[in-house]
Amino acid sequence: MTRLLCALCVLCVSIVSAPSVSSARSGTDILLLQVLLDRAGFSPGEIDGRDGSNTRRAAEAYATSRNLGADDDASIIRKLSDEQRDVQSVVAYTIGAEDAAGPFTENLPDDLMEQAALPALGYRTVVEALAEKFHASPALLSRLNPGASFIQDEEIRVPNVAIVSVEPAVPRGTTGVERSSGDADVVVKVWKQQSVLQVIGADGAILFHAPVTSGSEVDPLPVGEWKVRGVARRPKFNYNPDLFWDSDPSHAKATINPGPNNPVGTVWIDIDKPHYGLHGTPEPSRIGKTESHGCVRLTNWDAQRVAALVRPGTRVSFLP
């Protein structure tokens, strides 16, 4: 069983300065750009229809991989559209019974000890669940659907992303380690300064790109070479306050049950550095924009995509 002791990565505390990136391009359809990048495996993180550092880094990585100008959004969108046969940015979606059924955790506490008392850490609302399903911010869904009630059988407009399955590769209800998926020949690289993760194939091609949050001055990313030990989907989180420099003195060790709002999200990728891993998050809007307690955090959907590409033995390089 994987060590779900993400010793250094739950409480995001301070904003970090982003590398210099270009401001919003006049005339660029940012929502279309974000959707196309997401579908191509160059994740902009949470899709919000607004230009920002995560989108710029994804666009620049894609442009580099296709020998395009990093500042030429028109060429980037045209190339993405050609590769994806003119995919539209938004599609209609009818809210199904499973979407509306939950179960939801409406009154989700911030305190970890209070979270440990809950049977699961589900989505707060159907809007939050749908936003994560379509890699979007809840605010974007609201903007796309003014006046919507977000109830069963209602048709709404959503970003046209490829939906990532979060079904476990181990029996439901367990936190066992997945041993058979992915490719040991790929390399996962994480750059602390750029807040970026890339999965690189044996031929040097970028298989996946995503924004991350990784480390802080107090709990720095452990720069070096590591290996994947295993993948746990729908993980429990074993909270040990002794491992957190800023934990509440009244806290005790506790187990927090699975769910998308679990401190490590919907997947944990264990590495051979004790207490460290790559994992999801209950706060996708903060990825790439805040500091962590040492581990590498991604949106839940991006963490799932990384998990599908790795296996025990996959190299993981943490870089400055």
Side-chain angles (χ1 to χ4, degrees), residues 6 8-9 12 16 18-19 21 34 37-47 52-65 135 161 164 181-202 204-216 219-233 264-273 276-281 283-311 313-320:
C6 183
L8 308 168
C9 57
C12 301
V16 296
V21 295
Q34 289 180 327
L37 287 168
D38 182 275
R39 293 176 66 93
F42 290 81
S43 172
E46 185 180 68
I47 295 173
S53 58
N54 290 343
T55 299
R56 284 296 125 212
R57 294 187 188 106
E60 290 163 7
Y62 175 81
T64 298
S65 74
H135 310 176
V161 299
V164 177
S181 68
D183 185 349
D185 293 330
V186 305
V187 179
V188 178
K189 294 187 176 182
V190 177
W191 288 268
K192 166 60 183 172
Q193 185 174 4
Q194 287 79 22
S195 297
V196 159
L197 172 149
Q198 290 182 351
V199 182
I200 310 296
I206 300 173
L207 302 180
F208 184 64
H209 166 105
V212 298
T213 293
S214 57
S216 66
D219 298 313
L221 183 73
V223 171
E225 298 293 321
W226 313 102
K227 289 185 179 180
V228 171
R229 296 180 66 249
V231 174
R233 300 178 189 267
V264 293
T266 60
V267 65
W268 168 273
I269 301 170
D270 198 38
I271 64 172
D272 60 351
K273 170 70 173 175
Y276 285 83
L278 297 81
H279 62 83
T281 181
E283 298 180 299
S285 66
R286 302 182 71 175
I287 293 300
K289 303 172 185 176
T290 58
E291 294 183 345
S292 78
H293 281 63
C295 289
V296 175
R297 290 186 292 116
L298 307 95
T299 66
N300 281 334
W301 54 90
D302 286 343
Q304 292 287 345
R305 293 172 81 167
V306 174
L309 292 169
V310 302
R311 63 181 301 166
T314 296
R315 287 173 51 209
V316 178
S317 295
F318 289 163
L319 305 165

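Across all their heavy atoms, Arg57 and Gln194 have their closest contact at NE-O, 3.0 Å. Taking both residues in full, the closest heavy atoms of Pro222 and Trp226 are given as O-NE1, 3.0 Å, listed atom of the first, atom of the second, then distance. Minimum interatomic distance between Ile206 and Ala61 (heavy atoms only, all atoms of both residues): CD1-O, 4.3 Å. Scanning all heavy atoms of the two residues, the minimum distance from Arg297 to Gly280 falls at CG-O, 4.3 Å. In terms of heavy atoms, Asn300 sits closest to Thr281 at OD1-N, 3.0 Å. Taking every heavy atom of both residues into account, Trp268 and Cys295 meet most closely at CH2-SG, 4.3 Å.
His135 meets the ring-ring contact (aromatic ring centres under 6.0 Å, His included) test with Trp301; sequence neighbours excluded. Partners of Ala303 by side-chain contact (heavy atoms from CB on, under 4.5 Å), not counting sequence neighbours, listed by chain and number: Val267, Leu298. For Arg305, the salt bridge (charged side-chain N to carboxylate O under 4.0 Å, His left out) partners at least two apart in sequence or on another chain are Asp38.
To the nearest 0.5 Å, atoms CD1 (Ile269) and CZ (Arg311) are separated by 14.5 Å. Considering CG of Asn54 and CG of Leu37, their distance stands at 11.5 Å, rounded to 0.5 Å. Here the CD-OG1 distance, from Gln34 to Thr55, works out to 4.0 Å after rounding to the nearest 0.5 Å. Atom-to-atom distance recorded for Leu278:CG and Leu197:CG is 6.5 Å, nearest 0.5 angstrom.
The shortest distance between side-chain heavy atoms of Pro44 and Pro211 does not fall below 4.5 Å. With contacts defined as side-chain heavy-atom distances shorter than 4.5 Å, the pair Phe318/Ile271 qualifies.
A donor atom on one side chain and an acceptor atom on the other are not found under 3.5 Å apart for Glu46 and Thr299.
When atom types are taken as modelled, the side chain of Asp272 and the backbone of Lys227 share a donor-acceptor pair closer than 3.5 angstrom. For the pair Lys192 (side chain) and Ser214 (backbone), a donor-acceptor distance under 3.5 Å is present.
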task = Let me see the working for Thr266 and Gln304 under side-chain contact (heavy atoms from CB on, under 4.5 Å), right down to the final yes or no.
result = CA-CA 8 Å; Thr266 60; Gln304 292 287 345; 3.0 Å; yes
